[in-house]
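These notes concern the structure reproduced below.
In this text the structure is predicted, and so the values were computed from the model without any measurement.
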Amino acid sequence: MAEPEKDLKKLEAEQAREDATLTQDSEIARILAAFRANAYDVLDLQPGVPDEDIKRTYRKISLLIHPDKSSNPRAPDAFDRLALAHQILLDEKKRAILDEAIADARMLLMRDLKLTVDSEEVKDPDTVFMGKWKEKVKWVLADNEARRQRQVKAQMQEDGRERRKEEAEVTERKRKRDAEVEWEKSREGRIGSWREFSKKGVAVGGDKKKKKMKTLG
């Protein structure tokens, strides 16, 4: 039977490693459980925080869960989500869109609960209100994404109709050009036939004229 470790420093080091692993795993689980469309949720930040807080939080969490420092097989996925959330919040346009969705969710929740900006729950929100707000943000973001996908689909369909229309016009122009080419190719034949017809007509007319004059004589 192996002797238990009795050296204090080694015991403390082992405990520190276990604590770090527990913290890593819990943070990875939190990130993966967060609503990925809400970058604030992924970074565990409140809307409106300054850029420095975003950078500091990202640096702290990324060092904790970095795949090179963690044996958790889901660390790479969590790290990628964290990096994307950091990128979104530091992009002025993308962050503005997210902030607008969060504000819309707050307004919708207030309407659902029949609250005003002067209501105590709104002025000093508790965990219940914040939890409902968080869920409403999910709904708004999901609805916005569904709308965006429908718009993309409609645009693709419209582009398809335009493309088919253009292709039909190109085909029709080609058909007309081909018809003109064939018409020109047969031109000499038509002219030759007409000449032959004209010659025969003249010959027949001439015989009739001579016969008529002979009868009169």
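At distances below 3.5 Å, not a single donor-acceptor pair connects side-chain atoms of Arg150 with backbone N or O atoms of Glu145. Ser62 contributes a side-chain N or O that, together with a main-chain N or O of Arg59, makes up a donor-acceptor pair within less than 3.5 Å. Checking side-chain atoms of Asp41 against main-chain N and O of Ala34 turns up no donor-acceptor pair under 3.5 Å.
Under a hydrophobic-cluster definition in which Ile, Leu, Val, Met, Phe, Trp and Tyr are linked whenever side-chain heavy atoms come within less than 4.5 Å, directly or via other members, Val49 and Phe35 are assigned to the same cluster.
Contacts of Asp80 classified as side chain to side chain contact (heavy atoms under 4.5 Å, CB included), with partners at least two apart in sequence or in another chain: none.
Ion pair Arg163/Asp159 not flagged as a salt bridge, since none of the NZ, NE, NH1 or NH2 atoms sits closer than 4.0 Å to an Asp/Glu carboxylate oxygen. With salt bridges taken as basic N to acidic carboxylate O contacts below 4.0 Å, none links Asp91 and Arg95. Salt-bridge check for Glu172 with Arg175: passed, with a basic side-chain N closer than 4.0 Å to an acidic carboxylate O.
The shortest side-chain heavy-atom distance between Asn72 and Ile65 does not fall under the 4.5 Å cut-off.
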Below 3.5 Å, can you tabulate the donor-acceptor pairs from side chains in residues 110-117 to any protein atom, sequence neighbours excluded?
| from | atom 1 | to | atom 2 | distance (Å) |
| --- | --- | --- | --- | --- |
| Asp112 | OD2 | Lys136 | NZ | 2.8 |
| Thr116 | OG1 | Asp118 | N | 3.3 |
| Thr116 | OG1 | Ser119 | OG | 3.4 |

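The number of heavy-atom neighbours closer than 6.0 Å to CZ of Arg30, taken from other residues, nucleotides and ligands shown, is above 12.
A ring pair (Phe, Tyr, Trp, His ring centres under 6.0 Å) check over residues 66-109, counting only residues at least two apart or in different chains, returns the pairs Tyr58-His86, His66-Phe79.
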